[in-house]
Amino acid sequence: MSVPHIDSSKYDYELPEEKIARYPLSERDKSKLLVYNQGEIIDSQFARVGDFMPADGFTMVFNNTKVIRARIIFHKETGAQIEIFCLEPIVPNEVQQAFAERRQTTWKCIVGNSKKWKEGALFLDVQTAHGLVRLSAMRSQTLGNASEIIFSWDNDALSFAEIIESVGVMPIPPYLNRETESIDNTRYQTVYSQHKGSVAAPTAGLHFTDEILGQLKQKGGELVNLTLHVGAGTFKPVQTKDAESHVMHAEHIVVEAEAIRRIIGGKKPLIAVGTTSVRTLESLYWLGVKLLAGQSIDEGLMQWDAYELPQEFSAEEALNALLDYLKKLNVNELHSITQIMIMPGYRFRIVERLITNFHQPHSTLLLLIGAFIGEDWKRVYDHALNNEFRFLSYGDSSLLIPSKK
């Protein structure tokens with residue numbers, strides 16, 4: 001199939017400021033739940049999400065990435081405040097390796113108040129469990145709107161993960177229009193988060209509690225984890241009239257072979273928790289297709305691969321191709337990058353149902369919702385706006401079940 005032509009102005013709506021949830025509710029599962037079931041809309045509570053699961057079993061897939069305290073505040077001797085927002089590692093370029101470094105690591109960062117930092121290193125004394133550590137930051141080059149920053153510190157008993165945990169600030173979304181508070185350290189993180197690497201939370205998962213996860217298992221659900229490290233690009237709006245002119249951000253994914261096997265053999269339907277899980281699952285399919293087509297996946301999945309690759313392979317064929325690939329490499333995890341852009345006209349190969357929050361106007365996430373339930377996204381969002389649903393990261397949730405084709 002060819003890349004669809006999408007007028008991005010049709011994926012816009014008016015979001016009043018008062019509809020944006022600035023803070024989380026006191027309890028995670030007390031959020032509202034909008035259920036869209038093949039055209040029918042039902043209002044419920046997230047605590048009852050299990051009531052809407054099929055009695056004969058299902059597979060639910062979660063993104064277990066963990067948000068890092070990505071904002072580091074330095075002060076120059078002049079008193080000027082410089083904020084360094086860590087986006088992704090450069091040396092080493094693999095997230096877990098970068099966090100494990102014990103002397104130095106290089107990251108792609110956004111620098112706030114950059115004009116006040118013309119040259120030299122910035123220094124910050126960090127109180128840690130191993131005593132006082134001096135962290136330095138040196139800007140080595142400009143990378144478009146970002147900078148390459150070399151971090152180093154004077155105690156190799158500490159990893160960069162421990163440094164950033166001690167000194168960093170949780171990077172809550174810019175549209176909350178407030179400073180990070182102590183509540184964000186726990187509530188802007190899912191209860192099942194494991195692998196550090198995101199600068200934004202997979203917010204559909206914020207509603208889940210350990211009790212709900214237990215209830216889903218009792219209901220016959222098979223719960224599967226994978227990892228997509230969410231980048232700051234998730235907040236980048238579609239600013240071009242033609243959505244296909246938008247440059248999609250790339251994100252790192254890590255998926256265990258066992259997770260792929262469980263997805264292949266799992267019970268139907270397959271329910272993705274969050275758009276990041278959707279992106280990962282659908283990317284797995286297309287990476288498998290690339291292998292079946294005799295192409296390399298060393299560079300990951302490019303923005304338009306899903307529209308330009310062969311379309312005839314089944315999900316089972318594609319995922320088994322990935323398993324064969326991992327077996328040949330004698331590794332148990334797939335590490336890759338996805339730049340997939342899912343727009344209306346896209347045909348989903350793995351995901352059948354979706355749990356997700358309500359997204360920003362003009363966002364790539366709203367385009368994904370439009371691809372998933374078609375023009376009914378407008379009915380869903382109008383209903384949410386008119387019935388006191390809370391929007392965006394700390395807002396309410398929806399369960400989307402598209403009509404069968």
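It should be emphasised that the depicted structure is a prediction, and the values quoted were computed from it without experimental measurement. Numbers here simply count residues along the sequence, with the first being 1.
- Each of Val167, Leu124, Asn113, Val111 was checked for a side chain to side chain contact (heavy atoms under 4.5 Å, CB included) with Phe74, and the lone residue meeting it is Leu124.
- A cation-pi arrangement is present between Arg178 and Tyr23, with the terminal nitrogen or guanidinium carbon under 6.0 Å from the aromatic centre and inside a 45° cone about the axis.
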Residues Thr65, Asn63; criterion side chain to side chain donor-acceptor pair (under 3.5 Å); working and verdict: CA-CA 6 Å; Thr65 188; Asn63 180 9; 4.9 Å; no

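- Note: Phe99 and Phe160 have parallel aromatic rings, judged against thresholds of 30 and 60 degrees for the angle between ring planes.
- Contact detail for Ser140 and Ile150: the closest heavy-atom pair is CB-CD1, 4.0 Å.
- Judged by a 6.0 Å distance limit and a 45° cone about the ring axis, Lys32 is positioned over the six-membered ring of Phe389.
- For Tyr346 and Phe372, the ring centers are positioned 6.0 Å apart or more.
- Side-chain N/O atoms of Asp376 and Tyr36 include a donor and acceptor closer than 3.5 Å.
- Note on Glu352 versus Lys404: no salt bridge recorded, every NZ/NE/NH1/NH2 to OD/OE distance being 4.0 Å or above.
- Annotation: side chain of Phe358 is not in contact with side chain of Leu15 (no heavy-atom distance under 4.5 Å).
- Between Glu179 and Asp184, the shortest heavy-atom contact is O-OD2, 4.4 Å.
- The one candidate from Thr203, Thr276, Val67 that meets the side chain to side chain contact (heavy atoms under 4.5 Å, CB included) condition with Val230 is Thr276.
- The aromatic rings of Trp377 and Tyr11 lie parallel to each other, with less than 30° between the two planes, well short of the 60° mark.
- A salt bridge does not link Lys267 with Glu222: none of the charged nitrogens is closer than 4.0 Å to a carboxylate oxygen.
- Looking at heavy atoms from C-beta onward, Gln360 lies out of side-chain contact with Pro173 at the 4.5 angstrom threshold.
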